[in-house]
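Some notes on the structure that comes next.
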Amino acid sequence: MIRQQLAWFDPARIGHSGQCFRFAPLPEGGGWGLTARGRRLCIRPDGDGFLFDCTPEEWETVWYPYFDLDTDYEAFAAAVNPRDAYMTAAVACAAGVRILRQDPWETTVAFILSQQSNIPRITRNLEAVCRAYGAPFADREGNIWYDIPTPAALAAASEEELRALGLGYRAPYLRAAAARIAAGQPDLASLAAMPYKKAHAALLTLPGVGVKVADCVCLFGLHKLDAFPIDTHIRQMLDAHYKRGFPMRRYKGFAGVLQQYAFYYELYGGKT
DNA sequence: ACTTGACCTGTTGGG
DNA sequence: ACTGCCAGGTCAAGC
(Lines give C-alpha, C1' and ligand atoms only; values in the text may rest on other atoms or scores of the structure.)
Protein backbone atom coordinates (compact mmCIF):
# COMPACT_ATOMS: atom_id res chain seq x y z
CA MET A 1 0.00 0.00 0.00
CA ILE A 2 1.47 3.34 -0.98
CA ARG A 3 0.25 6.90 -0.78
CA GLN A 4 0.64 9.52 -3.52
CA GLN A 5 -0.29 13.15 -4.03
CA LEU A 6 -0.73 13.69 -7.73
CA ALA A 7 -1.42 16.64 -9.96
CA TRP A 8 -4.23 16.40 -12.53
CA PHE A 9 -5.34 12.96 -11.42
CA ASP A 10 -9.01 12.21 -10.84
CA PRO A 11 -9.72 8.46 -10.86
CA ALA A 12 -13.49 8.95 -10.80
CA ARG A 13 -13.36 11.04 -13.96
CA ILE A 14 -10.82 8.75 -15.61
CA GLY A 15 -13.05 5.77 -14.87
CA HIS A 16 -16.06 7.49 -16.43
CA SER A 17 -14.17 8.94 -19.36
CA GLY A 18 -14.88 6.05 -21.71
CA GLN A 19 -11.26 5.40 -22.66
CA CYS A 20 -11.13 2.26 -20.49
CA PHE A 21 -13.80 -0.28 -19.67
CA ARG A 22 -12.25 -2.23 -16.80
CA PHE A 23 -12.02 0.67 -14.38
CA ALA A 24 -15.02 0.70 -12.05
CA PRO A 25 -16.13 1.95 -8.62
CA LEU A 26 -15.40 -0.49 -5.79
CA PRO A 27 -18.53 -2.28 -4.56
CA GLU A 28 -18.00 -0.92 -1.04
CA GLY A 29 -17.82 2.58 -2.50
CA GLY A 30 -15.34 5.36 -2.04
CA GLY A 31 -12.67 3.99 -4.33
CA TRP A 32 -11.90 2.57 -7.73
CA GLY A 33 -10.63 -0.76 -8.97
CA LEU A 34 -9.10 -1.61 -12.28
CA THR A 35 -7.80 -4.62 -14.13
CA ALA A 36 -4.94 -3.96 -16.53
CA ARG A 37 -1.54 -5.32 -17.51
CA GLY A 38 -2.36 -8.67 -15.91
CA ARG A 39 -2.87 -7.02 -12.53
CA ARG A 40 -5.53 -5.64 -10.27
CA LEU A 41 -5.24 -2.25 -8.58
CA CYS A 42 -7.45 -0.51 -6.03
CA ILE A 43 -7.37 3.25 -5.52
CA ARG A 44 -8.84 4.92 -2.46
CA PRO A 45 -8.96 8.62 -1.67
CA ASP A 46 -6.92 9.63 1.39
CA GLY A 47 -7.11 13.27 2.31
CA ASP A 48 -5.45 15.28 -0.43
CA GLY A 49 -3.93 12.16 -1.98
CA PHE A 50 -4.70 8.56 -2.86
CA LEU A 51 -3.85 5.12 -1.52
CA PHE A 52 -2.80 2.53 -4.08
CA ASP A 53 -2.64 -1.11 -3.01
CA CYS A 54 0.62 -1.95 -4.70
CA THR A 55 4.31 -2.07 -3.85
CA PRO A 56 6.61 0.89 -4.56
CA GLU A 57 8.28 -1.24 -7.26
CA GLU A 58 4.93 -1.92 -8.95
CA TRP A 59 4.10 1.75 -8.74
CA GLU A 60 7.34 2.76 -10.44
CA THR A 61 7.37 0.14 -13.16
CA VAL A 62 3.66 -0.42 -13.86
CA TRP A 63 1.20 2.14 -12.57
CA TYR A 64 3.17 5.36 -12.81
CA PRO A 65 3.67 4.79 -16.54
CA TYR A 66 0.11 3.45 -16.92
CA PHE A 67 -1.35 6.69 -15.61
CA ASP A 68 1.02 8.68 -17.82
CA LEU A 69 2.21 10.66 -14.83
CA ASP A 70 5.28 11.94 -16.67
CA THR A 71 3.10 14.04 -18.95
CA ASP A 72 2.13 17.59 -18.00
CA TYR A 73 -1.61 17.80 -18.66
CA GLU A 74 -1.86 21.16 -16.96
CA ALA A 75 0.28 22.52 -19.78
CA PHE A 76 -2.26 21.15 -22.29
CA ALA A 77 -5.07 22.82 -20.36
CA ALA A 78 -3.14 26.10 -20.24
CA ALA A 79 -2.65 26.02 -24.01
CA VAL A 80 -6.40 26.19 -24.68
CA ASN A 81 -7.42 29.42 -26.36
CA PRO A 82 -9.04 31.49 -23.59
CA ARG A 83 -11.47 32.93 -26.15
CA ASP A 84 -12.70 29.39 -26.84
CA ALA A 85 -15.48 29.25 -24.27
CA TYR A 86 -16.52 25.73 -25.21
CA MET A 87 -13.11 24.10 -24.81
CA THR A 88 -12.37 26.12 -21.69
CA ALA A 89 -15.53 24.72 -20.11
CA ALA A 90 -14.81 21.20 -21.36
CA VAL A 91 -11.32 21.19 -19.86
CA ALA A 92 -12.64 22.50 -16.53
CA CYS A 93 -15.28 19.76 -16.51
CA ALA A 94 -12.76 17.02 -17.30
CA ALA A 95 -9.89 18.31 -15.14
CA GLY A 96 -7.91 15.37 -13.79
CA VAL A 97 -8.46 13.10 -16.79
CA ARG A 98 -5.28 11.62 -18.27
CA ILE A 99 -4.85 9.45 -21.35
CA LEU A 100 -3.92 6.06 -19.93
CA ARG A 101 -1.17 4.00 -21.53
CA GLN A 102 -3.30 0.96 -22.15
CA ASP A 103 -2.34 -2.21 -23.93
CA PRO A 104 -2.87 -1.86 -27.71
CA TRP A 105 -4.45 -5.30 -28.02
CA GLU A 106 -6.84 -4.62 -25.16
CA THR A 107 -7.93 -1.34 -26.74
CA THR A 108 -8.33 -3.05 -30.10
CA VAL A 109 -10.69 -5.60 -28.56
CA ALA A 110 -12.59 -3.02 -26.53
CA PHE A 111 -13.16 -0.60 -29.40
CA ILE A 112 -14.13 -3.29 -31.91
CA LEU A 113 -16.83 -4.12 -29.36
CA SER A 114 -17.72 -0.44 -28.93
CA GLN A 115 -19.27 0.15 -32.34
CA GLN A 116 -22.98 1.01 -32.20
CA SER A 117 -22.95 0.19 -28.52
CA ASN A 118 -22.89 2.06 -25.22
CA ILE A 119 -20.51 2.15 -22.28
CA PRO A 120 -22.46 -0.21 -19.94
CA ARG A 121 -22.85 -2.78 -22.67
CA ILE A 122 -19.23 -2.47 -23.87
CA THR A 123 -18.14 -3.03 -20.27
CA ARG A 124 -20.32 -6.14 -19.94
CA ASN A 125 -19.21 -7.57 -23.28
CA LEU A 126 -15.52 -7.02 -22.59
CA GLU A 127 -15.83 -8.60 -19.16
CA ALA A 128 -17.63 -11.59 -20.65
CA VAL A 129 -14.88 -12.05 -23.22
CA CYS A 130 -12.20 -11.90 -20.50
CA ARG A 131 -13.99 -14.37 -18.27
CA ALA A 132 -14.53 -16.81 -21.12
CA TYR A 133 -11.10 -16.67 -22.78
CA GLY A 134 -8.72 -14.73 -20.55
CA ALA A 135 -6.15 -16.14 -18.14
CA PRO A 136 -7.27 -16.02 -14.51
CA PHE A 137 -4.98 -14.56 -11.89
CA ALA A 138 -5.26 -13.84 -8.17
CA ASP A 139 -4.78 -10.53 -6.41
CA ARG A 140 -2.99 -10.39 -3.04
CA GLU A 141 -6.23 -11.19 -1.25
CA GLY A 142 -6.80 -14.29 -3.34
CA ASN A 143 -9.66 -12.90 -5.45
CA ILE A 144 -9.69 -14.13 -9.03
CA TRP A 145 -9.61 -11.75 -11.98
CA TYR A 146 -9.31 -12.33 -15.70
CA ASP A 147 -6.78 -10.86 -18.07
CA ILE A 148 -7.58 -9.87 -21.65
CA PRO A 149 -7.43 -13.05 -23.74
CA THR A 150 -4.47 -13.48 -26.04
CA PRO A 151 -5.09 -12.96 -29.77
CA ALA A 152 -4.56 -16.71 -30.29
CA ALA A 153 -7.16 -17.59 -27.64
CA LEU A 154 -9.77 -15.34 -29.26
CA ALA A 155 -8.90 -16.50 -32.76
CA ALA A 156 -9.59 -20.06 -31.61
CA ALA A 157 -13.10 -19.17 -30.43
CA SER A 158 -16.00 -19.84 -32.77
CA GLU A 159 -18.28 -17.07 -33.98
CA GLU A 160 -21.17 -18.86 -32.34
CA GLU A 161 -19.45 -18.91 -28.94
CA LEU A 162 -18.70 -15.21 -29.20
CA ARG A 163 -22.25 -14.39 -30.21
CA ALA A 164 -23.44 -16.31 -27.16
CA LEU A 165 -21.56 -13.73 -25.06
CA GLY A 166 -23.82 -11.02 -26.49
CA LEU A 167 -21.39 -9.47 -28.94
CA GLY A 168 -23.86 -9.59 -31.86
CA TYR A 169 -22.46 -8.92 -35.31
CA ARG A 170 -19.16 -7.80 -33.77
CA ALA A 171 -18.33 -11.45 -33.02
CA PRO A 172 -16.92 -12.29 -36.48
CA TYR A 173 -14.99 -9.01 -36.56
CA LEU A 174 -13.35 -9.75 -33.23
CA ARG A 175 -12.48 -13.31 -34.19
CA ALA A 176 -11.00 -12.33 -37.56
CA ALA A 177 -9.06 -9.41 -36.11
CA ALA A 178 -7.64 -11.70 -33.41
CA ALA A 179 -6.47 -14.14 -36.08
CA ARG A 180 -4.72 -11.34 -37.94
CA ILE A 181 -2.97 -10.07 -34.82
CA ALA A 182 -2.02 -13.60 -33.78
CA ALA A 183 -0.34 -13.92 -37.19
CA GLY A 184 1.49 -10.64 -36.67
CA GLN A 185 -0.40 -8.77 -39.41
CA PRO A 186 0.01 -6.14 -38.23
CA ASP A 187 2.42 -6.51 -35.34
CA LEU A 188 0.86 -4.31 -32.68
CA ALA A 189 4.10 -3.94 -30.74
CA SER A 190 5.83 -2.36 -33.71
CA LEU A 191 2.96 0.11 -34.30
CA ALA A 192 3.87 2.02 -31.15
CA ALA A 193 7.15 3.09 -32.76
CA MET A 194 5.45 4.29 -35.96
CA PRO A 195 4.14 7.80 -36.53
CA TYR A 196 0.41 8.20 -35.95
CA LYS A 197 -0.66 8.09 -39.61
CA LYS A 198 1.27 4.91 -40.39
CA ALA A 199 -0.06 3.16 -37.30
CA HIS A 200 -3.59 4.30 -38.18
CA ALA A 201 -3.30 2.95 -41.72
CA ALA A 202 -2.06 -0.41 -40.45
CA LEU A 203 -4.95 -0.70 -37.99
CA LEU A 204 -7.47 0.10 -40.75
CA THR A 205 -6.60 -3.19 -42.44
CA LEU A 206 -8.14 -5.09 -39.51
CA PRO A 207 -11.69 -6.39 -39.92
CA GLY A 208 -14.14 -4.43 -37.78
CA VAL A 209 -11.72 -1.53 -37.47
CA GLY A 210 -12.69 1.62 -39.33
CA VAL A 211 -11.45 5.18 -39.07
CA LYS A 212 -12.97 5.89 -35.67
CA VAL A 213 -11.92 2.66 -33.94
CA ALA A 214 -8.40 2.93 -35.41
CA ASP A 215 -8.18 6.43 -33.94
CA CYS A 216 -9.28 5.14 -30.53
CA VAL A 217 -6.60 2.44 -30.62
CA CYS A 218 -4.02 5.04 -31.66
CA LEU A 219 -4.99 7.42 -28.88
CA PHE A 220 -5.69 5.02 -26.02
CA GLY A 221 -3.51 2.03 -26.92
CA LEU A 222 -0.56 3.56 -28.74
CA HIS A 223 -0.58 6.92 -27.00
CA LYS A 224 -0.62 8.89 -30.24
CA LEU A 225 -1.98 12.12 -28.78
CA ASP A 226 -2.50 13.49 -32.29
CA ALA A 227 -5.27 10.96 -32.91
CA PHE A 228 -8.68 12.64 -32.79
CA PRO A 229 -11.47 10.04 -32.86
CA ILE A 230 -14.71 11.44 -34.27
CA ASP A 231 -17.78 9.61 -33.02
CA THR A 232 -21.38 10.73 -32.95
CA HIS A 233 -20.94 12.90 -29.87
CA ILE A 234 -17.80 14.58 -31.17
CA ARG A 235 -19.47 15.01 -34.58
CA GLN A 236 -22.35 16.87 -32.97
CA MET A 237 -19.94 18.91 -30.86
CA LEU A 238 -17.88 19.91 -33.92
CA ASP A 239 -21.02 20.84 -35.86
CA ALA A 240 -22.31 22.93 -32.98
CA HIS A 241 -19.13 24.68 -31.82
CA TYR A 242 -16.52 24.44 -34.57
CA LYS A 243 -18.38 25.12 -37.81
CA ARG A 244 -15.19 26.50 -39.32
CA GLY A 245 -13.21 23.45 -38.28
CA PHE A 246 -11.41 22.39 -35.13
CA PRO A 247 -8.09 24.25 -34.62
CA MET A 248 -5.88 21.17 -35.11
CA ARG A 249 -2.88 23.34 -35.90
CA ARG A 250 -3.02 25.16 -32.61
CA TYR A 251 -3.29 21.90 -30.69
CA LYS A 252 -0.86 19.87 -32.76
CA GLY A 253 0.65 17.06 -30.70
CA PHE A 254 -2.18 16.85 -28.16
CA ALA A 255 -5.46 17.46 -29.99
CA GLY A 256 -6.58 13.98 -28.92
CA VAL A 257 -6.40 14.99 -25.27
CA LEU A 258 -8.82 17.83 -25.96
CA GLN A 259 -11.02 15.44 -27.92
CA GLN A 260 -11.23 13.34 -24.77
CA TYR A 261 -12.15 16.38 -22.68
CA ALA A 262 -14.83 17.38 -25.17
CA PHE A 263 -16.16 13.83 -25.18
CA TYR A 264 -16.32 13.82 -21.39
CA TYR A 265 -18.03 17.21 -21.38
CA GLU A 266 -20.59 16.07 -23.95
CA LEU A 267 -21.42 13.02 -21.85
CA TYR A 268 -21.49 14.54 -18.41
CA GLY A 269 -22.06 18.26 -18.97
CA GLY A 270 -21.70 20.08 -15.68
CA LYS A 271 -22.15 17.00 -13.47
CA THR A 272 -19.56 14.64 -11.93
C1' DA B 1 -15.42 9.31 -54.35
C1' DC B 2 -19.64 9.61 -52.04
C1' DT B 3 -24.18 7.80 -50.10
C1' DT B 4 -27.17 4.19 -48.13
C1' DG B 5 -28.62 0.04 -45.48
C1' DA B 6 -27.94 -3.87 -42.90
C1' DC B 7 -26.20 -5.54 -38.85
C1' DC B 8 -26.76 -7.99 -32.88
C1' DT B 9 -28.77 -6.61 -28.74
C1' DG B 10 -30.48 -4.30 -24.40
C1' DT B 11 -30.64 -4.75 -15.41
C1' DT B 12 -32.80 -0.48 -23.06
C1' DG B 13 -36.10 4.35 -22.65
C1' DG B 14 -40.14 6.94 -24.17
C1' DG B 15 -44.78 7.49 -26.19
C1' DA C 1 -48.46 -4.95 -24.05
C1' DC C 2 -46.32 -3.55 -28.25
C1' DT C 3 -43.37 -0.92 -31.65
C1' DG C 4 -39.60 2.21 -32.99
C1' DC C 5 -35.30 4.12 -32.15
C1' DC C 6 -30.67 4.67 -30.42
C1' DA C 7 -26.02 3.42 -28.82
C1' DG C 8 -18.56 6.35 -28.96
C1' DG C 9 -19.34 2.28 -36.55
C1' DT C 10 -18.05 -0.81 -40.26
C1' DC C 11 -18.59 -2.89 -44.61
C1' DA C 12 -20.31 -3.69 -49.11
C1' DA C 13 -23.31 -2.45 -52.64
C1' DG C 14 -25.12 1.05 -55.76
C1' DC C 15 -24.87 5.36 -58.44
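We name chains A, B, ... by the order of the sequence lines, and we start the count at 1 in each one. Every heavy atom of this structure was used, including side-chain atoms; hydrogens, water molecules and symmetry mates were not. This structure is a prediction, so every number in the text was calculated from the model and none was measured.
Going from atom CZ of Arg175(A) over to atom P of dT10(C) covers 21 Å, rounded to whole Å. When the P atom of dT12(B) is taken as reference, atom CD1 of Ile122(A) falls 17 Å away, rounded to whole Å. As rounded to whole Å, 17 Å separates atom P of dA7(C) from atom CD1 of Ile230(A). What separates CG of Leu206(A) from P of dG9(C) is a distance of 18 Å, to the nearest Å. Across the protein-nucleic acid pair, Phe263(A) atom CZ and dA7(C) atom P stand 11 Å apart, rounded to whole Å. We find that CG of Leu204(A) is positioned 8 Å from P of dT10(C), with the value rounded to whole Å. When rounded to the nearest whole Å, the span between NE2 of His200(A) and C1' of dT10(C) equals 13 Å. Arg235(A) places its CZ atom 14 Å from the P atom of dT10(C), with the value rounded to the nearest Å.
Rounded to the nearest Å, the gap between the P atom of dA7(C) and that of dG15(B) is 16 Å. Using atom C1' as the reference point in both dG14(B) and dG10(B), the two lie 15 Å apart (nearest Å). With P as the reference atom, dG5(B) and dA1(B) are 22 Å apart, rounded to whole Å. Going from the P atom of dT4(B) to that of dC6(C) covers 16 Å, rounded to whole Å. Atom name C1', nucleotides dC7(B) and dC5(C): the rounded distance is 15 Å, in whole Å.
Salt bridge annotation for Arg101(A)-Asp70(A): absent, with no cationic side-chain nitrogen under 4.0 angstrom from a carboxylate oxygen. Using a 4.0 Å cut-off between charged side-chain N and carboxylate O, Arg37(A) and Glu58(A) make no salt bridge.
Between Tyr268(A) and His16(A), the distance from one ring center to the other falls under 6.0 angstrom. Ring-centre distance between Phe23(A) and Trp32(A): below the 6.0 Å cut-off. Between Tyr265(A) and Tyr261(A), a ring centre-to-centre spacing not shorter than 6.0 Å is recorded.
The closest donor-acceptor contact from the side chain of Asp147(A) to the backbone of Gly134(A) lies at 3.5 Å or more, if one exists at all. For Gln102(A) (side chain) and Gln19(A) (main-chain N/O), a donor-acceptor pair under 3.5 Å exists by modelled atom type.
Contacts of Leu219(A) with the nucleic acid, taken as non-hydrogen atoms under 4.0 Å apart, are absent. At the heavy-atom level, Pro120(A) lies nowhere under 4.0 Å from the strands shown. At the heavy-atom level, Gln236(A) lies nowhere under 4.0 Å from the strands shown. As judged by a 4.0 angstrom heavy-atom cut-off over every strand, Ile119(A) is placed among the base-contacting residues.
Interface remark: the Lys212(A) side chain does form a donor-acceptor pair with the dG8(C) base, using a distance-only criterion of under 3.5 Å.
A donor atom on one side chain and an acceptor atom on the other are not found under 3.5 Å apart for Tyr251(A) and Asp226(A).
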Nucleotide N/O to protein N/O under 3.5 Å, stretch nucleotides 5-8 of chain B:
from, atom 1, to, atom 2, distance (Å)
dC8(B), OP1, Arg163(A), NH2, 3.0
dC8(B), O5', Arg163(A), NH1, 3.0
dC8(B), O4', Tyr169(A), N, 3.0
dC8(B), O2, Arg121(A), NH1, 3.4
dC8(B), O2, Arg121(A), NH2, 3.0
dC8(B), O2, Arg170(A), NH1, 2.7
dC8(B), N3, Arg170(A), NH2, 3.1

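Base pairing analysis places dC8(B) opposite nothing; no Watson-Crick or G-U wobble pair with both distances below 3.5 Å involves it.
Taking for each of Phe21(A) and Gly208(A) the nucleotide of DNA chain C with the nearest heavy atom, the 5'-most of the two is the partner of Phe21(A).
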